[in-house]
Protein chains: 2
Amino acid sequence: MKRNSRLSLALHTLGHMAGEPERMRKSADIAAHAGTNPVVVRRVLGRLREAGLLVAEKGHAGGWRLARPPREITLADVYLALNERLVPVDEPPEPHGCAVEEALHDRVATLMDEIEQTLVSRLSETTIAEIRTPAG
Amino acid sequence: MKRNSRLSLALHTLGHMAGEPERMRKSADIAAHAGTNPVVVRRVLGRLREAGLLVAEKGHAGGWRLARPPREITLADVYLALNERLVPVDEPPEPHGCAVEEALHDRVATLMDEIEQTLVSRLSETTIAEIRTPAG
DNA sequence: ACATCACGTAACAATCGCAGTTGCGGATAT
DNA sequence: ATATCCGCAACTGCGATTGTTACGTGATGT
């Protein structure tokens with residue numbers, strides 16, 4: 001699989017689930033469709049379960065399904081549930097007295113936070129029910 | 001050093017250069033100040049040289065200096081020179097006929113391009129001459 | 001009851017990108 | 001000529017992520 005696969009895998013799977021919200025899906029089936037491994041699927045979907053987006057059930061009739069209607073799950077919910085970050089949070093530099101470094105860090109950190117916020121805002125405009133329709 | 005260090009290192013160095021544009025700086029000195037290695041500095045600044053932001057000279061009086069006035073170098077110039085990417089370009093998925101995956105990829109790729117564009121646009125509002133001043 | 005099935009989790013290997021490091025060649029000033 | 005820079009290639013080490021195996025836990029059907 002390619003990079004940033006967690007978000008891709010999650011959205012891909014939720015996109016399918018949005019089409020048949022009742023159906024129970026096993027991680028093995030999801031993995032087969034996505035071309036990856038059941039454990040990987042459980043790892044990723046596990047985060048969505050912790051965030052209350054999915055429900056997992058064990059046993060014979062077990063598997064995964066949406067915890068609420070597809071229209072009530074936005075792409076931002078998924079993004080945030082996975083703790084994804086456009087740019088990794090970097091701690092402020094150790095103060096060895098370089099004013100340039102400190103001013104720079106402030107500027108960049110502020111700007112990146114703003115961009116991250118913009119992304120989340122845009123992601124929240126789309127629900128997983130709309131994934132299938134060609135973007136418009 | 002921390003992550004995203006290329007951009008940090010580049011901006012940090014250019015920030016200092018903007019204060020004394022005439023002064024020639026050796027990669028060893030830059031590395032010492034930034035807490036890294038001369039070769040790493042040459043790797044990063046080399047990209048900026050290729051992009052026409054810096055000039056490098058060899059030999060005894062060699063070193064690095066800005067290729068043009070600090071006011072004419074924006075943070076976006078630096079970002080683009082380094083070929084930085086908020087999210088790595090991922091090729092469209094192999095068409096194994098999953099409409100959800102394709103529609104999803106289109107949506108996400110479009111949105112990410114838009115965010116990237118926003119970032120570059122915001123970065124272009126600041127020049128390296130302004131780095132020292134506390135962000136305002 | 002009990003075998004079966006699916007998730008939950010830990011542990012480890014494989015891979016990838018990146019920083020760090022060493023070494024050597026080419027260019028330039030003294 | 002020599003010292004001093006940059007340019008570049010090759011290698012190592014580290015951290016993050018994915019892939020894989022193995023085992024425990026809980027729910028279901030017979």
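Naming convention: chains lettered A, B, ... in sequence-line order (proteins, then strands); numbering from 1 in each chain.
Counting to the nearest Å, the C1' atom of dC7(C) and the CG atom of Asp29(A) are 14 Å from each other. Between the CG atom of Leu54(A) and the P atom of dA6(C) there is a distance of 18 Å, rounded to whole Å. Spacing between atom CE of Met24(B) and atom P of dC5(D) amounts to 11 Å, rounded to whole angstrom units. Separating the CG atom of Leu82(B) from the C1' atom of dC18(C) is a distance of 14 Å, rounded to the nearest angstrom. Nucleotide dC18(C) holds its C1' atom 13 Å from the CG atom of Leu9(B), rounded to whole Å. For the pair Ile30(B) CD1 and dC5(D) P, the interatomic distance rounds to 12 Å; values are reported in whole Å.
Comparing dT21(C), dC6(D), dG19(D) by their nearest atom to the side chain of Asn37(B) picks out dT21(C). Among the nucleotides dC6(D), dA19(C), dT20(D), the one closest to the side chain of Val40(A) is dT20(D). With dT18(D), dT21(C), dG19(D) as the candidates, the nucleotide lying closest to the side chain of Ser5(A) is dT18(D).
Counting heavy atoms from C-beta on, the side chains of Ile73(B) and Thr127(B) never come closer than 4.5 Å. Two residues are said to be in side-chain contact when any heavy atoms from C-beta on lie closer than 4.5 Å; Leu66(A) and Ile128(A) meet this criterion. With a 4.5 Å cut-off on side-chain heavy atoms, Val44(A) and Thr13(A) do not count as touching.
Contacts between residues 14-21 of chain A and DNA chain D, defined by a heavy-atom separation under 4.0 Å, are absent. Residues from residues 55-66 of chain B lying near DNA chain D, meaning a heavy-atom separation below 4.0 Å, are Ala56(B), Glu57(B), Lys58(B), Gly59(B), His60(B), Gly63(B), Trp64(B) in numerical order. Sorted by residue number, the members of residues 44-53 of chain A with any non-hydrogen atom under 4.0 Å from DNA chain C read Arg49(A).
In the interface, the side chain of Arg43(A) is paired with the base of dG19(D) through a donor and an acceptor atom under 3.5 Å apart.
When all heavy atoms are compared, the tightest approach of Ala76(B) to Val120(B) is CB-O, 3.5 Å.
Counting only residues at least two apart or on different chains, no salt bridge (charged side-chain N to carboxylate O under 4.0 Å, His left out) pair has a member in residues 27-43 of chain B. Applying the salt bridge (charged side-chain N to carboxylate O under 4.0 Å, His left out) test to residues at least two apart or on different chains, the pairs with a partner in residues 71-83 of chain A are Arg68(A)-Asp77(A).
Under a 3.5 Å cut-off, the side chain of Ser121(B) and the backbone N or O of Gln117(B) do not form any donor-acceptor pair. Of the possible donor and acceptor atoms, one in the side chain of Thr133(A) sits under 3.5 Å from a partner among the backbone N and O of Glu130(A).
The salt bridge (Lys or Arg N to Asp or Glu O under 4.0 Å) test with Glu57(A) singles out one residue from Arg65(A), Lys26(A), Arg49(A), and that residue is Arg65(A).
OP1 or OP2 of dA19(C) sits under 4.0 Å from a side-chain N or O of Arg6(B). An OP1 or OP2 oxygen of dC5(D) is reached within less than 4.0 angstrom by no side-chain nitrogen or oxygen of Ser27(B). Taking only side-chain nitrogens and oxygens, Arg42(B) comes nearer than 4.0 Å to OP1 or OP2 of dC6(D).
By the 4.0 Å N-to-carboxylate-O rule, Glu84(B) lies close enough to Arg6(B) to be salt-bridged with it. Using a 4.0 Å cut-off between charged side-chain N and carboxylate O, Glu50(B) and Arg47(B) make no salt bridge.
Residues satisfying the side-chain contact (heavy atoms from CB on, under 4.5 Å) test with Val100(A), not counting sequence neighbours, are Cys98(A), His12(B), His16(B), Ile131(B), Arg132(B).
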